[in-house]
Structure formats: C-alpha cells, structure tokens
Amino acid sequence: MGWWVLHVDLDQFIAAVEVLRRPELRGRPVVVGGDGDPGRARQVVATASYEARAHGVRSGMPLRVAARRCPEAVFLPSDPPAYQAASARVMATLARFPVRLQVYGWDEAFLGADTDDPLALAARIRRAVLDETQLSCAVGVGDNKLTAKHAARFAKPGGIHRLTRDTWPAAMGAKPAADLWGVGPKTAKKLTALGVHTVADLAGTAPDALAGQFGERAAEWLVLSARGAGETTVDTAPWVARSRSRETTFAADLTDRDAIAGHVAALARALGADVVADGRRVTHVAVKVRFASFRTPTRVMKLREGPTTDLDAIERTALAVLDKFDLGEPPRPVRLVGVRTDLEPP
DNA sequence: TCTGGGGTCCTAGGACCC
DNA sequence: TCTGGGGTCCTAGGACCC
C-alpha cells in the first residue's frame, strides 16, 4: 500500500449548482455574480460556465464586460446558501470513503488515502460525486498536496490525472512560474525581474539567490515548490473560522462622514449578530476603507474589555477604529467600507 | 468597460519589559 | 557617560487563495 493525496475539484461549481436547479440553462453560457444585473457598475463575475468562458468571460471580470463579451449569457445573482448546501452534499459523499478528508473551500477537498490503486479510487470518487450530487468534478492524484492540486488542473474538466515528483519536471518545467499554486502576480513579477521565468528556472535556482527579494523562508519554499515538493499531511480537523468579515462596495462613492459611520456601524452589528449566533466571541474589530483612488488602508483594535459577545461593544469599537482613519475634510470619496471581527478560538 | 467578497498566513516595526 | 540583547504584545500591510 502507498500513501496518496487526492485533490477533488468541482467543475465550474457555482454555475453547475445554478444549472442543477434550472435545467433549462444546461449548455448555455451562465454568469453568476453580484445581484445578477450586468447593467450595474461595480459588480464582478463570481463564476462563468464553460460556455461563457468560451466567449472570454472570466471570474473577477466586471459584469458589464462579461455582458459585452457574451450578450447571450444568462446572468444570475450569487446565492451563497445554495452553494454551501451543495458543497455539504459533496463533502458528505467524500466522507463516506475510507480516506482522510480535508475540506478546502466550497468546491475543493484534499483526500489522503492508503491504497495501491489511487486511480481506481479517484474514479470511484468521481462517479460517486456525480451519482449522488449530479455535480462533475476533476480528481488529481499526487504524492503531496501540490502535485495533487496541479494534477487536478490537468484533469479539468471532469477527468482524472496523476502527477508525482517523478513526472513533475516533464509536466511542469516549461510552464511559467506564475502557474504554480501559491505564486501570485507580485511574486511572478519579482521572479521575472530576477530572470526566473519558468518552473524549471525556479527549480534550478539556489534559494540564497532569492532570499534578498523574498526572505529566507519564502525563497526556500518557492524553490521546493518548483521541484514539486509539498505537504503530505491531510488535516481532518474541521475548519474553524479565525475571523469573519463583511464589506460593501457602494454603487456610488460616499463623501459624507455620517453616512460612512452609519454603514460601518450597521456592518459591525450584523457581523456581531452572526458571530454570536455561531457561539463565538470577538477579540478584535478591524475596519477597512477603500477610497476612490483604490488605496485601502485597514485599522484594527483589540477589544478593551477582552473577548465579547456584546453587540454594542462591537459596534462602538468599530466606530472607534473608524476614528483612527484620516478620511480628509471634507471626506475623500469612499467606495467601500468593511468590518472584520477576529474570533477567540472556541 | 475600471477594478467583488470572504478568507488565511506571514513579516516587520514600535512599545514595553527585564 | 548614550548604550546591550531578548522576549512579547500590538498594529499595519502584503500576498495569496477560492
């Protein structure tokens, strides 16, 4: 028997859930995001169906751009409770297999399995998810989380693929370093500036040569990742939120201090109510303000009286945190306010 | 046709204490 | 007379992911 890590990744998850309850949409371009009105500004695509992606629609793209690229698309509002429910059904199916299960967001999971035939296991899992939830997924098989994750990308949509440290160089070496899981745009840009373009380039770089730009630990991690090394442990402990936040982007900028404070207070109260309903206590309150310039400072304060469930205290603290900002006089235009509560471990 | 929302983790600097 | 080193707490910001 051998230890394998599998990564299960649902195909176009949010769009697929919508199609499931509106079968007439199957095969059509579907775009989910915001309130579903592509005529309104400041809303972006959460997920596009493959049919919409074929027209160049991408997640994160403004809905208006999506509507322009794909006028025949069906636009739907985002419905998180529906996706949460569908996700729970998928995870319940996965949990019935003799594996270690780590839920990794709505539409992803890592599975750790002791088996001699991981591909057969992957096929059984894919079939079970499809039969029990009518949702299609890709399954990546790897010797660690990184290889499993990338294997799933190769498998998408709806397939099964195996990738290990042995096959990694041939499969990944020529790809841009930016394709690596954990390497975002900022890191990619720095790497390019250092002459490191591909995964193979990065794999062949001495960590010391990168430490100046990224720090020792991150440099080490980058090079190891480029060589296909990753975590092999699958953590089965249920996920426990460390924070919870809510933010609102306004259709039109706010320039009135009382209006800004009113939104912060309302967000803080609503958030506090959610957190308390979950049986958690708040340790810190953070406030985020995004100006029209897109500069987005954040301020945070620890609750004076210690962890609390007192909504008045949470709201009061949020307003005190807001006072730490220099909003300008008169206030500079604000396009977003957000409130985050940090939570005491249960 | 300007750029959502909800998360996690890491680093770094200053305050404060010994 | 002006200079240590370590440890912890706190806050701000960066970066990434789904």
Side-chain angles (χ1 to χ4, degrees), chain A residues 7-10 12-14 31-47 56-71 77-80 83-84 87 103-110 145-146 149 152-153 178-191 211 213-222 225 231 235 239-251 253 267 271 274-275 283-304 321 324-325 335-343:
Chain A
H7 186 248
V8 174
D9 197 328
L10 279 295
Q12 48 173 3
F13 175 63
I14 289 173
V31 176
V32 182
D35 65 3
D37 177 359
R40 295 200 19 202
R42 298 183 176 180
Q43 304 198 88
V44 303
V45 175
T47 304
V57 178
R58 296 287 177 268
S59 63
M61 172 182 284
L63 289 186
R64 285 177 164 173
V65 179
R68 209 182 136 100
R69 293 205 180 177
C70 190
S78 181
D79 181 5
Y83 315 139
Q84 177 54 51
S87 176
V103 177
Y104 210 79
W106 276 346
D107 62 343
E108 294 184 23
F110 285 104
K145 282 180 176 164
L146 180 71
K149 173 87 184 174
R153 289 188 188 171
D179 282 7
L180 275 175
W181 188 36
V183 174
K186 305 285 184 179
T187 300
K189 197 174 171 196
K190 285 190 195 175
L191 287 172
Q213 272 296 314
F214 302 101
E216 236 170 276
R217 290 166 59 93
E220 183 76 20
W221 177 87
L222 279 167
S225 292
E231 268 185 52
D235 182 5
W239 177 77
V240 177
R242 289 155 179 79
S243 66
R244 188 190 285 218
S245 64
R246 270 198 196 188
E247 61 188 53
T248 306
T249 293
F250 307 111
D253 294 342
L267 286 173
L271 194 52
D274 283 354
V275 164
T283 61
H284 300 73
V285 178
V287 173
K288 166 161 132 181
V289 173
R290 175 166 291 152
F291 294 102
S293 66
F294 237 70
R295 191 174 70 85
T296 313
T298 298
R299 297 290 181 270
V300 60
M301 234 187 245
K302 192 174 178 178
L303 273 107
R304 297 181 67 83
V321 176
K324 302 214 282 183
F325 286 86
R335 64 175 283 144
L336 168 152
V337 296
V339 177
R340 184 188 82 234
T341 51
D342 291 339
L343 308 176

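Chain identifiers are assigned alphabetically (A, B, ...) following the order of the sequence lines, protein sequences preceding nucleic acid strands; residue numbering begins at 1 within each chain.
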Integer-rounded Å distance: [N] [atom2] and [X] [atom1]:
X      : N      : atom1 : atom2 : answer
A:R340 : C:dA12 : CZ    : C1'   : 10 Å
A:Q43  : B:dG4  : CD    : P     : 10 Å
A:F214 : C:dA15 : CZ    : P     : 10 Å
A:H284 : B:dG7  : NE2   : C1'   : 17 Å
A:R69  : B:dC2  : CZ    : P     : 14 Å
A:L343 : B:dG6  : CG    : P     : 14 Å
A:F13  : C:dC17 : CZ    : C1'   : 16 Å
A:E247 : B:dT3  : CD    : C1'   : 13 Å

May I ask you to verify if any side-chain N or O of [X] is less than 4.0 angstrom from the OP1 or OP2 atom of [N]?
X      : N      : answer
A:T249 : B:dG5  : yes
A:R242 : B:dG7  : no
A:K149 : C:dC18 : yes
A:K288 : B:dG5  : no
A:R246 : B:dG6  : no

Where the side chain of [X] is defined as all heavy atoms beyond and including C-beta, which of [options] is the nearest nucleotide?
X      : options                : result
A:R299 : C:dG13, B:dG5, C:dA15  : C:dG13
A:D107 : C:dC16, C:dT11, C:dC18 : C:dC18
A:S245 : C:dA15, C:dC18, B:dG7  : B:dG7
A:K302 : C:dA12, B:dT1, C:dC9   : C:dC9
A:S243 : B:dG7, C:dT11, B:dG4   : B:dG7
A:R244 : C:dC16, B:dG7, C:dA12  : B:dG7
A:R64  : C:dA15, C:dG13, B:dC2  : B:dC2
A:A241 : B:dT8, B:dG4, B:dT1    : B:dT8
A:R42  : B:dG5, B:dT3, C:dA12   : B:dT3

Quiz prompt | Atom NZ of A:K189: over 12 foreign heavy atoms under 6.0 Å | solution = no
Under 4.0 Å, counting only non-hydrogen atoms across every strand here, what does [X] touch: a base, just sugar-phosphate, or nothing?
X      : value
A:G184 : sugar-phosphate
A:V45  : nothing
A:T187 : sugar-phosphate
A:G182 : sugar-phosphate
A:K324 : sugar-phosphate
A:S59  : nothing
A:W221 : nothing
A:P80  : nothing

Practice problem: Using the aromatic ring of A:W181 (for Trp, its six-membered ring), decide whether it stacks on the base of C:dC17 within the limits of 5.5 Å and 30°. | Solution: no
Quiz item: Can you find a pair of side-chain heavy atoms, one from A:K145 and one from A:Y104, that are under 4.5 Å apart?
Solution: no
Exercise. Check the pair A:Q43 / A:D37 against side-chain hydrogen bond (donor to acceptor under 3.5 Å, both in side chains), numbers first and verdict last.
Key: CA-CA 9 Å; A:Q43 304 198 88; A:D37 177 359; 5.8 Å; no
Exercise. Give, for atom OG1 of A:T298 and atom CZ of A:F325, the distance between the pair rounded to the nearest 0.5 Å.
Key: 6.0 Å
Quiz item: How long is the gap from CG on A:D253 to CZ on A:R335, to the nearest 0.5 Å?
Solution: 7.0 Å
Quiz item: Stepwise, does the side chain to side chain contact (heavy atoms under 4.5 Å, CB included) test hold for A:R244 with A:T341?
Solution: CA-CA 5 Å; A:R244 188 190 285 218; A:T341 51; 4.1 Å; yes
Quiz item: Taking a pair as Watson-Crick or G-U wobble with both distances under 3.5 Å, which nucleotide is matched to C:dG5?
Solution: B:dC18
Self-check item: Which atom of A:A66 lies closest to which atom of A:V45, heavy atoms considered
Solution: CB-CG2, 3.8 Å
Quiz item: How close do A:I14 and A:V32 get, heavy atom to heavy atom, and via which atoms?
Solution: CG2-CG1, 3.7 Å
Quiz item: If you find the nucleotide of DNA chain B closest to A:A292 and the one closest to A:L271, which residue's nucleotide is nearer the 5' end?
Solution: A:A292
Self-check item: Residue whose nearest DNA chain B nucleotide is more 5′ - A:S293 or A:V240
Solution: A:S293
